[in-house]
Amino acid sequence: MLRLFDTAAGEVLPLEPREPGRVSMYVCGPTVYAPPHLGHGRFSLVFDVLRRYLEWSGFAVTYVSNITDIDDNIIKRANEEGRSTDEVVADNERVWYEVMDALGVKRPTHDPHATAYVAEMVELIGELIDRGVAYVTDDGIYFSAQSVADYGLLARQSIDSLQAGARIEVGEQKRSPIDFVLWKFSKPGEPRWPSPWGDGRPGWHTECVVMSLDLLGEGFDIHGGGQDLAFPHHENERAQAVADGKRFANHWVHNGFVVVEGGEKMSKSLNNFVNLAELVETADPRSYRLLVLRAHYRSPVEVTKASTADASEALARLDAFARRAHAAEVVASPDGVTGAEPDVVVVDEFRRRMDDDLDTPGAVALLFTTVHRAHSAFDEGRDDEGRALAAAALELCRAVGLELHGEAAAVPDAILAKAAARDAARAAKDWATADALRDELVADGYVVEDTPNGTQVRPG
RNA sequence: GGCGGCGUAGCCGAGUGGCCCAGGCAGGGGCCUGCAAAGCCCUAGACGUGAGUUCGAUUCUCACCGCCGCCUCCA
C-alpha cells in the first residue's frame, strides 16, 4: 500500500482509502487572473503523477481540482485591463487547460468554479455565525481562529506563536490578527452576490471547503496543493470544516516549491515568476515532467535552462530506447504495453519505490537501469529478456504519465527521398555523396542514424 | 523573534552505520561504424566545518558556518 507524508501528522503514513478500491482527492487549483507559472506546472504534474500511479495500481480515482474565478486579484486585473472579470477568467482558464493538455496532465473528474458555489458558501457562513465562531463587522465576516482548539495543526505551530508573527492589514476589522475573512462586503463597481448580511463576495478559504465536501463528501482521502497553501489556506479550510462539525480531509499532501537559479523561491512578492506557457512552447513539455519526477515531490526543484536541457538529453535517451523497443515490437499505448510481458521483478521494485512516499527519483533511476539492461540484452542477442525489460520500462513510464516517442514521426517525402539517395550512395561506397546528403538532412533539421534497415531520419 | 528544512562528486539529484552500487547530464579510454549517430564495455571523481558516540560515520548526537522556507499575496 502507498505510504505518503501527511502534513497534519508530520510523518509518513499509509494511505487508507475511505472506500476500498476508491480514492478521492481534492487538489487546490489556480486562481485564473494570469497565465500559469512554473509552480502551477509542478503541483499539477506532482498530483497528476500521484493520480496516475493510483489508477495504475487499480484504484478508481475521483480527482477534483477547482478553478477560483472570483477574488481580489481577478478584480484588480480586470480593472487594469479595462475588461470584465468574466473575460479575464475565461481567457486565463482557456490558457490554463491548453498548458495542462500540453503537459499531459489529465483533466480533473470535476473542476468546480467558486462562483457556482456562492449560495452554498453563504449557507456555510451562516452556520458558522450560528455556532458563534464567525462574526460580522463593517467590512465583512470573519472567522475566529481561536475557536478551533488545534488551529495551527498544518502550520505545525501553536496559536500563540502564529499570533506573535501575524499582523492586521490596514482597513481590516479583525478581532485577532490570525482571524480570516469569510465574506467581503462589496464596494461600488465590484462583483457582488447577495447574502443575509449584505452583498459581497466570498473570501478565498471558503470555496474549497464547500466544493470538496459537496463533490467528495466528508472524510475524503487526500487534500493536496503547493507547500505554501498549507498555511494559511488549508489551515483555514480545515478550521471551517472542523468548526462546522464536519470530518474533512484525511491525508494532507503538499509539494515543494520551484526555485529559480540560485535557489530562491518563485513568488509573487519577489516577482520572479517564469511563465509556464513559455516553457511548454520553447521546450519539450515532457522534459518538465521528467524534471519533476527526478526530484522528490517534497523537495525544491530548480527549473532553469540548464536543468531543462539536462532533462531533455535524458529524455532523448529514453526516446531512443522506445524506438528500439518499437523495432522489437514492444509498444506502449495508454491502455498498456503490448509485445511482451513486463519483467515482474522490475515492476515490483517500481511499486515498492513508489509506495515509499512516492519515491519518483528512485523510480526514475530504476527506469534508466532497466533501459540499460534491456539495451545490453538486445546487444547480446537475448531478445526475450530484452523485450521483457523493455516492456517493464515502458510500463513504468506509462504509470507516471511519461509518454515516449517510439514511433518515427512523419517525415516529408522530399526528406525520405534524400535518405534513399544516401542509401544508394552508401551502397556504391560513394562516401562523399553520402556525407553531403547527410549534411543536407542535418541542415533541414533532421537527426540521421544508420541502422540495419538503412538511413533513418527524424526531426531533431 | 517563533517554527521548520537543506548543505553529496563539473552540474542536477537519491540514499545508506561497514559490504559491489543510486540515476541523469557533462568528462576520459575502448568496442561497433566507411565516417558519424544510437548503443555497449571500462573509467574518474563526493558526502559544509569541528568535536562526540562507535571496532567503524557521508549516514547517529552536539556545536558552528552557509543557504532556504513558513509565520503576509503565492502552487
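Here is how names work: the chains are called A, B, and so on, in the same order as the sequence lines, proteins then strands, and each is numbered from 1.
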Taking any heavy-atom pair under 4.0 Å as a contact, classify Phe257(A): base, sugar-phosphate, or nothing.
base
Quiz item: cation-pi between Arg324(A) and Phe378(A), 6.0 Å / 45°:
no
Is there a donor in the side chain of Asp355(A) and an acceptor in the side chain of Tyr53(A), or the other way round, less than 3.5 Å apart?
yes
Are the charged groups of Asp343(A) and Arg373(A) less than 4.0 angstrom apart, N to O?
no
Name the pairing partner of U49(B), where a pair is Watson-Crick or G-U wobble with both distances under 3.5 Å, or state none.
A63(B)
For G15(B) and A9(B), measure between their P atoms and round to the nearest Å.
16 Å
Distance in angstrom units between Phe378(A) CZ and C40(B) P, rounded
12 Å
Touch check for Pro232(A), heavy atoms < 4.0 angstrom, all strands: base, sugar-phosphate only, or nothing?
sugar-phosphate
Is there a donor and acceptor pair closer than 3.5 Å between the side chain of Asp228(A) and the base of G69(B)?
no
With a 4.0 Å cut-off, would you call Asp356(A) and Arg353(A) a salt bridge?
no
Whole angstrom is fine here: how far is it from CZ in Phe368(A) over to P in G13(B)?
15 Å
Of the nucleotides C73(B), A38(B), G34(B), which one has an atom closest to the side chain of Asn73(A)?
C73(B)
What distance, rounded to whole Å, do you find between the two P atoms, one in C73(B) and one in U54(B)?
50 Å
May I have the distance from His254(A) (atom NE2) to G5(B) (atom P), rounded to whole angstrom?
17 Å
CZ of Phe321(A) versus P of G24(B): gap in Å, rounded?
13 Å
Give one of base, sugar-phosphate or nothing for Arg77(A), where a contact means two heavy atoms less than 4.0 Å apart.
nothing
What about Arg438(A): does its side chain form a donor-acceptor pair under 3.5 Å with the base of A36(B)?
yes
Under 4.0 Å, counting only non-hydrogen atoms across every strand here, what does Asp379(A) touch: a base, just sugar-phosphate, or nothing?
sugar-phosphate
With P as the reference atom in both, quote the distance from C47(B) to C19(B) in angstrom, rounded to an integer.
15 Å
Nearest heavy atom decides the nucleotide; on that basis, is Thr451(A) or Gly226(A) closer to the 5' end of RNA chain B?
Thr451(A)
Quick one: closest heavy-atom pair of Ala393(A) and Val371(A), and the distance?
CB-CG2, 4.1 Å
Which part of the nucleic acid, if any, lies within contact of Val27(A), taking any heavy atom under 4.0 Å across all strands shown: a base, the sugar-phosphate backbone alone, or nothing?
nothing
5′-ward residue of the pair Gly39(A)/Phe231(A) relative to RNA chain B:
Phe231(A)
Under 3.5 Å for both donor-acceptor distances, Watson-Crick or wobble: does G10(B) have a partner, and if so which one?
C25(B)
Over 60° means perpendicular and under 30° means parallel, so tell me whether His205(A) and His233(A) are parallel, tilted or perpendicular.
tilted
Could you state the CD-P distance from Gln456(A) to G39(B), rounded to the nearest angstrom?
15 Å
Would you say the side chain of Arg426(A) and the base of G34(B) hold a donor-acceptor pair, judged only by whether the two atoms sit under 3.5 Å apart?
yes
What is the separation between atom CD on Glu302(A) and atom C1' on C68(B), rounded to the nearest whole Å?
12 Å
Determine the Euclidean distance between corresponding P atoms of A75(B) and G17(B); express it in Å to zero decimal places.
38 Å
Please assess His37(A) against His40(A) for the test ring-ring contact (aromatic ring centres under 6.0 Å, His included), listing each intermediate value before the final yes or no.
CA-CA 6 Å; His37(A) 55 69; His40(A) 291 113; 3.9 Å; yes
If the P atom of A36(B) is compared with that of A46(B), how far apart are they to the nearest Å?
33 Å
P atom, A14(B) versus U72(B): distance in rounded Å?
29 Å
Report which part of the nucleic acid His372(A) touches: base, sugar-phosphate, or nothing (heavy-atom distance under 4.0 Å, all strands).
sugar-phosphate
Any strand counts, and the cut-off is 3.5 Å on both contacts for Watson-Crick or G-U wobble. Which nucleotide pairs with G34(B)?
none
Look at Glu313(A) together with Arg317(A) and state whether they make a salt bridge at an N to O cut-off of under 4.0 Å.
no
When the P atoms of G5(B) and U58(B) are compared, how many Å lie between them, rounded to an integer?
22 Å
Need one value for Ser307(A): base, sugar-phosphate or nothing, where a base atom within 4.0 Å counts as base even if backbone is also close, heavy atoms only.
nothing
Please check if any side-chain donor atom of Ser65(A) sits under 3.5 Å from a side-chain acceptor atom of Asp111(A), or the reverse.
no
I'd like to know if Glu449(A) and Arg458(A) make a salt bridge, using a cut-off of under 4.0 Å between side-chain N and carboxylate O.
yes
Ala155(A) near the nucleic acid: base, sugar-phosphate alone, or nothing, with a heavy-atom cut-off under 4.0 Å?
nothing
Searching all strands shown, indicate the nucleotide that pairs with G69(B) (Watson-Crick or G-U wobble; both distances under 3.5 Å).
C3(B)
Touch class at under 4.0 angstrom, heavy-atom based, for Asp160(A) against every strand present:
nothing
Is there a side-chain polar atom (N or O) of His37(A) under 4.0 Å from OP1 or OP2 of C74(B)?
no
Where do Phe248(A) and Phe220(A) land on the ring-ring contact (aromatic ring centres under 6.0 Å, His included) test, with the steps shown first?
CA-CA 7 Å; Phe248(A) 203 49; Phe220(A) 61 90; 5.4 Å; yes
Rounded to whole Å, please give me the gap between CG in Asp435(A) and P in A37(B).
13 Å
Can you tell me the Watson-Crick or wobble partner of U54(B), both distances under 3.5 angstrom?
none
Students often get this wrong, so: under 4.0 angstrom with heavy atoms, is Gly256(A) touching a base, only sugar-phosphate, or nothing?
base
Separation of Trp252(A) atom CH2 from A75(B) atom C1', in whole Å?
15 Å
Under 4.0 Å, heavy atoms only, any strand: does Gln157(A) hit a base, just the sugar-phosphate, or nothing?
base
Return the polar atom pairs (N/O with N/O) between nucleotides 14-16 of chain B and the protein under 3.5 Å, or none.
residue, atom, partner, partner atom, Å
A14(B), OP1, His296(A), N, 3.2
A14(B), OP1, Ser299(A), OG, 3.1

OP1, OP2 of C40(B) versus side-chain N and O of Arg317(A): anything below 4.0 Å?
yes
Tell me whether Asp71(A) is salt-bridged to Lys184(A), with the criterion being a basic N under 4.0 Å from an acidic carboxylate O.
no
Can Trp431(A) be said to stack with the base of G34(B), given centres closer than 5.5 angstrom and planes under 30 degrees apart?
yes
Who pairs with C74(B) - Watson-Crick or G-U, where each distance is under 3.5 Å:
none
Under 3.5 Å, is there an N or O donor on one side and an acceptor on the other linking the side chain of Asp310(A) and the base of A26(B)?
no
Pair partner, C19(B) [Watson-Crick or wobble, under 3.5 Å]
none
Using the P atom as the point on both nucleotides, what is the distance between A38(B) and C25(B), in whole Å?
11 Å
Thr31(A) side chain N/O closer than 4.0 Å to the phosphate oxygens (OP1, OP2) of C74(B)?
no
Which part of the nucleic acid, if any, lies within contact of Arg156(A), taking any heavy atom under 4.0 Å across all strands shown: a base, the sugar-phosphate backbone alone, or nothing?
sugar-phosphate
